[in-house]
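What follows is a set of notes on a single structure, which appears directly below.
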There are 2 protein chains.
Amino acid sequence: MSTDTPSRRSTGETAPSVNKRRAPVMADVARRAGVSLGTVSNVINNPGVVAERTLRKVQDAIDELGFVPNQVARSLAVGHANTIGFVIVDLANSYFVDIARGVEELADESGVRLLLANSDVDLAKQDSYLELFEESRVSGILLAPLDAPLTRAEQIRRRQMPVVHVNWPGVDGESCGVVVDEELGGYTATRHLIELGRQRLLFAGGPLSLSAVASRLTGARRAVEEEQGRVTLELLETDRLTVAAGLAVGRGIANRPPDERPDGLVSAADALASGAIQTMIYSGIEVPGDIAVIGYDNNHFAADHVIPISTIGQPGVDMGRAAAKLLFEEITRVPHVHRTITMNPELIVRESTTGRTWTD
Amino acid sequence: MSTDTPSRRSTGETAPSVNKRRAPVMADVARRAGVSLGTVSNVINNPGVVAERTLRKVQDAIDELGFVPNQVARSLAVGHANTIGFVIVDLANSYFVDIARGVEELADESGVRLLLANSDVDLAKQDSYLELFEESRVSGILLAPLDAPLTRAEQIRRRQMPVVHVNWPGVDGESCGVVVDEELGGYTATRHLIELGRQRLLFAGGPLSLSAVASRLTGARRAVEEEQGRVTLELLETDRLTVAAGLAVGRGIANRPPDERPDGLVSAADALASGAIQTMIYSGIEVPGDIAVIGYDNNHFAADHVIPISTIGQPGVDMGRAAAKLLFEEITRVPHVHRTITMNPELIVRESTTGRTWTD
DNA sequence: CTGTTAGCGCATTCAG
DNA sequence: CTGAATGCGCTAACAG
């Protein structure tokens, strides 16, 4: 056995082609270690079953050759990949990144690899990635879908590939999903302001065609109705849930006569709240003195705002874990009825409602 | 040929086991269409070569069976996957999401699929995903690495797997990389304030151990030195590049006597600038009247700020495209010397330096 | 404990 | 243009 570099064949090649070093395969390792192919397979997948001495011999051969097992071949042989795929509607939204983090935690614990794909709010791309994952024979697929018919996902599910939805309830009785109780979030936010004594509330957010916004509004209305007329709720629908839209909301409020302004603002998103707060402060309105403001989403910047923003936090990481758990159940065929797990949002109280600010 | 549901065998099975519907494979399609396996393969990969009539027959069989080609088997047979992998240091940073978008654009155009993995600023995870991609025999790997030795990446590269770095220069002469000229960005930002007539500048950012921050500072110093004493530059190192740190910066400025305040603030990040602007406004300092502020990164919220923030934009999408292009060159063995592509940042002028605000 | 062998599902010759 | 045969690299029996 030659001890020189294994990367170069000693058969004087006459062909002008590049001496393209073929990646070493198991057979090469077996030959070099002087054992059979099956044994090499065992040291990789079943080390406990092979003799210490053999194991070391093979390990050395692997190291010397720089052998990297071919997952593709492995997957073909075992019939599935030890991998799950996650198609995400919008990677720019930290909420989904949190979910991905949760999924990954559980995947790690289960020794499963997680592959991500960003559909970027594009149905065609979403479908394309779903197909890629199906064709790649991943063990299962997680889908944080965009607001559109999920025919491709259903099709895939019908072909026996486990698909679990995140931030979407799933098809009743046919698939699993993990969602957060948006209505409860809207209720909780509004209730918080009411308990602080606010009585003239304004709900800002939109478009209402977004089911999340609509649910939050429903929750807000329920909280107000419970007060039997002691509290009013005004609705201001916005085009989007952005800081820019929030600036406009704040401007609108500032332009009213002081006694016609709300004393509490329920904002359907932190970005909106941020914009509103910024313009209101700029206009001399005290937050929360004159108007208490609560946001929604617990975006990263909410805590670091001039006036830290009270908000409703979504348990992204926990949702990801829950979704991954459901998926693993389906993958391992653990008997379970398809269900939708609804998680509770969390009230996070900061200065935009309670009044202590960094200036104190 | 029975026309009833293809999913159920008509051979009365006596086994109690679940009637586990095996996913249809090419052979099933071939049998159903009454052609051979090779022909089915052709209609999928080489439709032009097969007769119209045969093609339709096979297509129908595929549809009826719900056949989904097995990429794993395909990859094994052809020796590689039509896929590239992108290991991203931090998905929560929109800069990298932009890069990913650029990569995907080019991948789409090339008919290559893109798989993402989030290393989440964790070296172990970064290595783990690099291994996954190598074992999965992707065509090539893109790596936006964290600030640590890239031994695993080099190892992989040495095994003939193309690896291109993004936001990292690459190993000189051995690998390719795409970076942005941070020093030029710092220079451009500072030059902008100087051209607006500002003379007492403050550079805020840190920690300086971050090479990006250090380079931006170097650029800022160069711009000031060119003025030969007409302009001064003060340095305020921060712990982090967050809104919270920016609030502190603003507070520090506000607490000074007015005549000791800078008249221009070069902030190493938009988040920092945002915090500073918010506290300064809150304290009655005019922006940009008293102090012009420029940020860095062109984060999404910079444009939607109370006072829209002038900033230095990094061409994330273009960087992604450039990196993908380099990778494809390596994959297709287009002869090319390994090189580092340095892209130029872009000055984006908004109200925090020029003075028009939404209140006008 | 180790060696042998038969597929996994598909692409790709090469004949017909 | 179509069909039969061979192999991609590995796992999983099974036999030794």
Side-chain angles (χ1 to χ4, degrees), chain A residues 20-59 61-62 65-83 134-139 159-161, chain B residues 20-59 61-62 65-83 134-139 159-161:
Chain A
K20 193 166 178 175
R21 182 166 42 186
R22 184 179 50 80
V25 298
M26 269 199 182
D28 299 324
V29 174
R31 202 172 312 125
R32 176 156 192 132
V35 300
S36 88
L37 207 167
T39 299
V40 176
S41 177
N42 272 335
V43 350
I44 291 179
N45 304 300
N46 239 345
V49 85
V50 35
E52 173 66 24
R53 203 181 124 59
T54 316
L55 198 142
R56 279 235 314 290
K57 251 189 335 190
V58 174
Q59 272 299 1
I62 288 178
L65 256 31
F67 167 74
V68 175
N70 185 328
Q71 275 294 342
V72 177
R74 177 176 217 286
S75 296
L76 217 217
V78 303
H80 67 256
N82 190 32
T83 297
E134 182 183 22
E135 290 175 5
S136 299
R137 297 295 191 272
V138 297
S139 306
R159 290 193 205 105
Q160 314 296 308
M161 165 75 72
Chain B
K20 192 165 178 177
R21 182 166 42 186
R22 186 178 49 79
V25 297
M26 269 200 181
D28 298 324
V29 175
R31 201 172 311 125
R32 175 156 194 132
V35 301
S36 88
L37 206 163
T39 300
V40 177
S41 177
N42 272 335
V43 351
I44 291 179
N45 304 300
N46 239 346
V49 86
V50 37
E52 174 66 23
R53 204 182 124 58
T54 317
L55 200 141
R56 279 237 313 291
K57 253 191 330 191
V58 174
Q59 272 298 1
I62 288 178
L65 255 32
F67 167 74
V68 176
N70 185 329
Q71 275 295 341
V72 178
R74 179 176 215 286
S75 296
L76 218 218
V78 303
H80 67 257
N82 191 30
T83 297
E134 182 182 23
E135 291 175 3
S136 299
R137 298 296 191 272
V138 296
S139 305
R159 290 194 206 102
Q160 314 297 308
M161 164 75 73

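Keep in mind that this is a model prediction, so the values were computed, not measured. Note on naming: letters A, B, ... go to the chains in the order of the sequence lines (proteins, then strands), and numbering restarts at 1 for each one.
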Nucleic acid contacts - residues 40-51 of chain B versus DNA chain C, non-hydrogen atoms under 4.0 Å: B/Ser41, B/Asn45
In whole angstrom, what separates B/Met26's CE from C/dG9's C1'? 8 Å
Applying side-chain contact (heavy atoms from CB on, under 4.5 Å), can you list everything that pairs with A/Asn45, at least two apart in sequence or on another chain? A/Ser41, A/Arg74
First and last nucleotide of DNA chain D, 5' to 3', lying under 4.0 Å from heavy atoms of chain B: D/dC1 to D/dG9
Tabulated below should be each protein N or O lying under 3.5 Å from an N or O of nucleotides 14-16 of chain C; please produce it.
none

Go nucleotide by nucleotide along DNA chain D from the 5' end; which of B/Ala77 and B/Gly38 gets its closest nucleotide reached first? B/Gly38
What residues, two or more places apart in sequence or in another chain, satisfy side-chain contact (heavy atoms from CB on, under 4.5 Å) together with B/Ile44? B/Met26, B/Val40, B/Ile62, B/Phe67
Assert: residue with more 5' nearest nucleotide on DNA chain D, out of B/Ser36 and B/Val78, is B/Ser36
Which residues within residues 66-73 of chain B lie with some heavy atom under 4.0 Å of an atom in DNA chain C? B/Phe67, B/Pro69, B/Asn70, B/Ala73
Phosphate OP1/OP2 of C/dT2 contacted by A/Thr39 side-chain N/O (<4.0 Å): no
With sequence neighbours excluded, tell me which residues meet side-chain contact (heavy atoms from CB on, under 4.5 Å) with B/Arg31. B/Ala27, B/Asp28
Within this structure, what is the CZ-to-P distance between A/Arg53 and C/dT2, rounded to whole angstrom? 10 Å
Quick one: list whatever passes side-chain hydrogen bond (donor to acceptor under 3.5 Å, both in side chains) with B/Glu135, sequence neighbours left out. A/Gln71
Across the strands shown, which category fits B/Ser75 at heavy-atom distances under 4.0 angstrom: base, sugar-phosphate, nothing? nothing
Please report the C-alpha distance between B/Thr39 and B/Ser36 in whole Å, then the side-chain angles of each, then the deciding distance to 0.1 Å, and finally whether the side-chain contact (heavy atoms from CB on, under 4.5 Å) criterion is met. CA-CA 5 Å; B/Thr39 300; B/Ser36 88; 3.6 Å; yes
Whole-Å distance between C/dG7 C1' and B/Leu76 CG? 12 Å
Exercise answer: donor-acceptor pairs, residues 48-58 of chain B side-chain atoms, under 3.5 Å, sequence neighbours excluded:
none

Bend angle of the helix from C/dC1-D/dG16 to C/dG16-D/dC1, end axes from five pairs each (to 10°): 40°
What is the nucleic acid contact for A/Gly79, judged by heavy atoms within less than 4.0 Å: base, sugar-phosphate only, or nothing? nothing
